[in-house]
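Note sheet for the following structure.
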Amino acid sequence: EAALCAIKLHPMWQEPLAIPGGDRQSPIDIVVRKSVFDPQLRPLKVQYEPRTCQQIWNNGYSFLVEYDDTTDKSTLKGGPLEDQFRLCQFHFHWGENNAWGSEHSIDRRLYPAELHLVHWNSDKYSLFEEAVIEENGLAVIAVFLKIGKRHEGLQKLVDALPAVRHKDSVVEFTKFDAACLLPENIDDYWTYAGSLTTPPLTEAVTWIVMKRHIEVSHDQLAVFRSLLFTSAEEQVQRSMVNNFRVQQAVKGRTVRSSFT
Ligand SMILES: NS(=O)(=O)c1ccc(O)c(NC(=O)NCCc2ccccn2)c1
Ligand SMILES: [Zn+2]
């Protein structure tokens with residue numbers, strides 16, 4: 001079982017005192033026995049076009065693999081979603097060791113890392129920036145990473161990471177099929193109404209948390225930890241690790257499951 005991080009972790013950024021609304025914050029611990037099966041949840045429809053992949057950017061908090069979201073080429077619909085959503089980027093959160101690193105947990109079980117595939121509602125809005133402040137604006141698919149066999153599809157991304165070691169660095173990265181990072185079975189998931197897990201923490205996200213994890217090797221995750229929070233000019237370099245938010249109160253929300 002992952003150790004609950006009792007030690008004081010270096011906070012990646014200072015949590016604000018008050019958050020607008022603040023009653024649907026993310027991440028959360030998903031208590032499986034309290035989740036409610038919803039037979040009306042439909043299968044997810046994921047259609048990603050590898051040619052819309054553009055670059056990797058170290059933004060000083062994580063590394064983002066960014067997609068061209070000016071047209072409806074890489075889309076997500078179905079599941080709990082009423083509208084069509086466009087993939088704009090994916091990124092990860094991870095720990096300094098394999099005992100913790102994920103943002104969500106399942107019955108308090110933490111994983112060493114968590115993938116977030118970020119989509120915005122292109123039926124209702126025309127830009128991510130517009131959608132990010134609306135309560136039905138975003139849909140994020142979360143996939144847990146577990147240490148095990150090497151993930152062949154991830155290796156192309158891992159090989160590109162040294163080029164974005166420092167904050168604010170960017171490298172061209174094309175023809176990457178984000179679907180290869182999804183577990184084989186995407187029909188089993190939990191879903192709940194939440195927020196961004198980093199500032200601006202807006203309560204705009206329909207979370208879709210996959211029940212099945214993917215496996216990556218110890219060495220692949222070690223390359224994530226070789227990235228830096230700091231830019232090349234800074235005197236003191238700080239390893240990009242523990243870039244996850246602490247878990248937030250569920251506050252009466254219901255977590256639905258697509259499976260019994
Ligand atoms: N982690 S998450 O909830 O999936 C998510 C998805 C899309 C996002 O734009 C963000 N947040 C985001 O980009 N914030 C601006 C950059 C920033 C500011 C402070 C800390 C981390 N990142 C978080
Ligand atoms: Zn995230």
Side-chain angles (χ1 to χ4, degrees), residues 9-17 19-22 24-30 54-67 69 74 76 81 85-95 100-105 110-122 125 127-145 157 164 166-170 178 181-182 189-210 213-214 221 224 227-231 238 240-248 253:
L9 289 176
H10 165 83
M12 178 174 67
W13 37 268
Q14 193 50 47
E15 291 261 357
L17 290 175
I19 292 142
R24 52 173 280 191
Q25 288 292 294
S26 295
I28 61 170
D29 174 50
I30 294 174
Q54 290 183 314
Q55 62 184 26
I56 306 172
W57 172 39
N58 177 334
N59 72 351
Y61 303 96
S62 182
F63 62 91
L64 311 188
V65 179
E66 299 186 291
Y67 283 73
D69 62 356
S74 289
L76 167 67
L81 306 172
F85 289 69
R86 224 175 258 178
L87 175 69
C88 58
Q89 53 104 333
F90 69 81
H91 62 273
F92 299 81
H93 302 263
W94 60 91
W100 62 71
S102 61
E103 297 210 300
H104 292 87
S105 54
L110 293 164
Y111 287 82
E114 184 173 328
L115 160 66
H116 289 160
L117 292 145
V118 181
H119 314 74
W120 54 273
N121 188 331
S122 55
Y125 310 108
L127 287 174
F128 169 81
E129 288 72 14
E130 282 173 34
V132 75
I133 53 174
E134 304 291 340
E135 68 175 32
N136 57 1
L138 304 183
V140 182
I141 295 176
V143 182
F144 294 115
L145 275 62
L157 176 52
V164 288
H166 288 100
K167 176 180 179 186
D168 300 330
S169 48
V170 176
L181 297 176
L182 292 169
Y189 58 82
W190 292 278
T191 182
Y192 77 97
S195 73
L196 297 186
T197 64
T198 67
L201 301 171
T202 42
E203 298 183 329
V205 183
T206 298
W207 280 96
I208 298 168
V209 181
M210 288 293 141
H213 60 265
I214 59 171
L221 199 51
F224 285 22
L227 297 176
L228 300 169
F229 279 131
T230 42
S231 58
R238 279 186 301 108
M240 185 179 276
V241 293
N242 300 327
N243 56 356
F244 55 83
R245 188 188 192 192
V246 294
Q247 298 184 338
Q248 305 294 307
R253 284 176 282 180

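Atoms within a ligand are numbered from 1 in the order they appear, just like the ligands themselves. Positions are given from 1 along the sequence. On a predicted model such as this, the values are computed, not experimentally measured, just so you know.
- Side-chain contact check for E66 and Q54: no donor-acceptor pair (N or O, by modelled atom type) lies under 3.5 Å.
- Close N/O approach between H91 and ligand 1 is found [any backbone or side-chain N/O within under 3.5 Å].
- With V205, T202, T198, L115 as candidates, the residue nearest to atom 13 (O) of ligand 1 on a non-hydrogen basis is T198.
- Every atom of ligand 1 is numbered from 1 in the order shown, and the set under 4.0 Å from a heavy atom of W207 is 3 (O), 4 (O).
- In terms of protein heavy atoms, atom 9 (O) of ligand 1 is closest to F128 CZ, 3.5 Å.
- The part of V118 lying near ligand 1 is the side chain, judged by heavy-atom distances below 4.0 Å.
- In this structure, H93 has a heavy atom closer than 4.0 Å to ligand 1.
- Using a 4.0 Å cutoff on heavy atoms, F244 does not count as a contact of ligand 1.
- Where the criterion is an N or O separation shorter than 3.5 Å, residue side chain and backbone included, H116 meets it with respect to ligand 1.
- Closest approach of L64 to Q89, counting heavy atoms only: CD2-OE1, 3.8 Å.
- Listed by atom number, the atoms of ligand 1 under 4.0 Å from W13 heavy atoms are 20 (C).
- Between S195 and W207 the shortest heavy-atom distance is O-NE1, 3.0 Å.
- For the Zn ion (ligand 2), protein N, O or S atoms under 2.8 Å: 3 in total.
- Heavy atoms only, all atoms of each residue included: W94 and F224 are closest at CZ2-O, 3.4 Å.
- Residue P112 comes nearest to L145 through the heavy atom pair CD-O, 3.1 Å, listed as atom of the first residue, atom of the second, then distance.
- Protein heavy atom at the shortest distance from atom 14 (N) of ligand 1 is P199 O, 2.8 Å.
- Looking at every heavy atom in both residues, N121 comes nearest to F85 through N-CD2, 3.4 Å.
- For the residue pair S105/D29, the side-chain donor-acceptor check at 3.5 Å is satisfied.
- Rounded to the nearest 0.5 Å, atoms SG (C88) and CD (E129) are 8.5 Å apart.
- Not one N or O of Y61 is nearer than 3.5 Å to an N or O of ligand 1, by distance alone.
- Between H116 and H91, the ring-plane angle classifies as perpendicular under the 30° and 60° cut-offs.
- Taking a 6.0 Å sphere around CD of E15, one finds it holds more than 12 heavy atoms contributed by other residues, nucleotides or ligands.
- A ring-centre distance under 6.0 Å is not found for W190 and H104.
- To the nearest 0.5 angstrom, L76 atom CG is 9.0 Å from L117 atom CG.
- Protein heavy atom closest to atom 3 (O) of ligand 1, with residue, atom name and distance, is T197 N, 2.9 Å.
- The protein heavy-atom contact nearest to atom 7 (C) of ligand 1 is Q89 NE2, 3.7 Å.
- Looking at P200 next to ligand 1, no N or O pair under 3.5 Å apart turns up.
- Nearest heavy-atom pair, G194 versus S26, reported as atom, atom and distance to 0.1 Å: CA-OG, 3.3 Å.
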